[in-house]
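Structure record follows, encoded as structure tokens.
In what follows, chains carry the letters A, B, and so on, assigned in the order in which the sequence lines appear, proteins first and then strands, with residues in each chain numbered from 1.
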Amino acid sequence: MYQNIDELMQAANQLAGLTLAELAERCGIIMPSSLRREKGWIGQLIELALGASAGSKPQQDFPELGVELKTLPLANNGIPLESTFVCTAPLLRQQHISWETSNVHHKLSTVLWVPVFGDRQQDIGTRMIGTPWLWHPTAEQEQILRQDWEEIMELIALGKVESISARHGDALQLRPKAANGRSLTQAIGSEGTLIQTRPRGFYLRSTFTRQLLRLQFHL
DNA sequence: GGCTGATCATAG
DNA sequence: CTATGATCAGCC
């Protein structure tokens, strides 16, 4: 699709200033009146517009470029409205995974952030795409992420997954990631035995993405 | 009002 | 079930 990252960025920049209604019309898809039942709709619209590999394939959105695409919902004052999901957390057979080989590290190594402005109660169609930017973690940011990841993974390995709350981690947090409370997966329990627990995912705190915005746009 | 824990849709 | 895309909603 794209020969290089510059071509991708050029395409992404063309989206800036468009409302979601305009982009949906260009893509020929119908807008939902609410995201309540289609929480990922905006992300999927942006994927479609940029020609990202659709579907549920693991790894990055543009594997040939090594780029992960993330939409970032912002209130009209420019502050992130939500945390950013990164990936599911491995709760079993994770002893051999290091930060360098982790999915979090891989996904966050290069991210194309696409901001979407709009307050929560604002009609989906009137929300506006902002200026995208490409992000590589700085050494300092990477250190923070790594430390959070290592602490969380150690607790998981020690069988303490159920004692990890979303309060843990400065930039990266662990939260449930599932269809509902009934979905279960295996994890290491307190006695070193297997337990059933809710699947968890890694998320970037909105305070962290807010800092990224500040650094990028000098806010 | 921000944040944590819970939840929604879809593909394979 | 796990993966993708995330936001909802009630508690503090």
Side-chain angles (χ1 to χ4, degrees), chain A residues 15 20 23-24 27 29-63 67-94 97 102-104 106-108 111-124 127 129 132 148 152 161-187 194-211 213:
Chain A
L15 302 181
L20 295 187
L23 186 57
C27 295
I29 59 175
I30 304 298
M31 283 194 315
S33 56
S34 163
L35 298 180
R36 171 186 281 261
R37 302 185 69 79
E38 295 178 67
K39 296 179 178 180
W41 185 83
I42 295 176
Q44 289 164 345
L45 173 65
I46 303 294
E47 278 189 347
L48 181 63
L50 290 178
S53 49
S56 57
K57 298 173 190 167
Q59 305 312 313
Q60 291 141 323
D61 297 285
F62 301 98
V67 173
E68 173 73 12
L69 177 65
K70 289 290 181 192
T71 57
L72 185 59
L74 305 179
N76 288 316
N77 62 13
I79 294 177
L81 287 168
E82 295 288 348
S83 55
T84 301
F85 174 71
V86 180
C87 60
T88 304
L91 302 183
L92 216 53
R93 301 182 181 88
Q94 81 296 63
I97 304 174
S102 71
N103 223 268
V104 175
H106 191 231
K107 290 227 171 187
L108 297 184
V111 177
L112 173 57
W113 294 101
V114 180
V116 177
F117 289 93
D119 294 331
R120 277 206 168 84
Q121 298 171 343
Q122 186 176 331
D123 286 348
I124 312 291
R127 301 186 189 184
I129 299 169
D148 287 342
I152 291 169
V161 61
E162 296 194 309
S163 72
I164 307 172
S165 82
R167 297 166 185 80
H168 207 105
D170 291 331
L172 195 67
Q173 61 180 173
L174 194 75
R175 305 221 307 277
K177 165 65 173 174
N180 54 56
R182 277 81 69 194
S183 61
L184 294 171
T185 191
Q186 285 191 322
L194 293 184
I195 60 170
Q196 294 287 119
T197 192
R198 288 166 302 146
R200 313 299 164 94
F202 286 109
Y203 296 78
L204 294 177
R205 292 184 182 278
S206 56
T207 51
F208 183 76
T209 51
R210 183 175 178 173
Q211 292 300 323
L213 281 160

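Distances shown here put every side-chain N or O of Arg37(A) at or beyond 4.0 Å from the OP1 or OP2 atom of dT7(B). For Thr185(A), no side-chain nitrogen or oxygen approaches OP1 or OP2 of dC1(C) to under 4.0 Å.
Closest of all the heavy-atom pairs between Asn76(A) and Gly118(A) is OD1-N, 3.5 Å. In this structure, Pro80(A) and Leu72(A) approach most closely via the heavy-atom pair CB-CD1, 4.5 Å. In plain terms, the two heavy atoms of Ser33(A) and Ile124(A) that are nearest each other are O-CG1, 3.9 Å. Shown here for Arg205(A) and Ala166(A), the closest heavy-atom pair between the two residues is NH2-O, 2.7 Å. Scanning both residues, Gly78(A) and Leu213(A), for their nearest heavy atoms gives O-CD1, 3.7 Å.
Put simply, the side chain of Phe117(A) does not reach to within 4.5 Å of the side chain of Gln122(A), judged on heavy atoms.
Between the CD1 atom of Ile46(A) and the C1' atom of dT4(C) there is a distance of 16 Å, given to the nearest Å. Taking atom NE2 of His168(A) as the reference point, atom C1' of dC3(B) lies 17 Å away to the nearest angstrom. When rounded to the nearest whole Å, the span between CG of Asn76(A) and P of dG1(B) equals 15 Å. Gln196(A) places its CD atom 14 Å from the C1' atom of dT2(C), with the value rounded to the nearest Å. Regarding Asn180(A), its CG atom lies at a distance of 13 Å from the C1' atom of dC1(C), rounded to whole Å. Here the P atom of nucleotide dT2(C) and the CG atom of Leu92(A) are 10 Å apart, to the nearest Å. Across the protein-nucleic acid pair, Leu91(A) atom CG and dC1(C) atom C1' stand 13 Å apart, rounded to whole Å. Look at CZ on Arg200(A): it is 12 Å from P on dT2(C), rounded to the nearest Å.
Both Ala179(A) and Ser206(A) sit near DNA chain B, but only Ser206(A) has its closest nucleotide nearer the 5' end.
Looking at heavy-atom distances under 4.0 Å, Leu81(A) makes no contact with the nucleic acid at all. Residue contacts for Gln60(A): at a heavy-atom cut-off of 4.0 Å it reaches no nucleic acid atom on any strand shown.
Separation of atoms CG (Leu74(A)) and CZ (Arg127(A)) is listed at 11.0 Å; rounding is to 0.5 Å.
Considering only side-chain atoms of Ser165(A), the nucleotide from dC8(B), dG5(C), dG5(B) that sits closest is dG5(B).
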Task: Protein-to-nucleotide contact annotation, 5' to 3' order, nucleotides 6-12 of chain C [B base; S sugar-phosphate only; - none; under 4.0 Å, heavy atom] - done: BBBS---
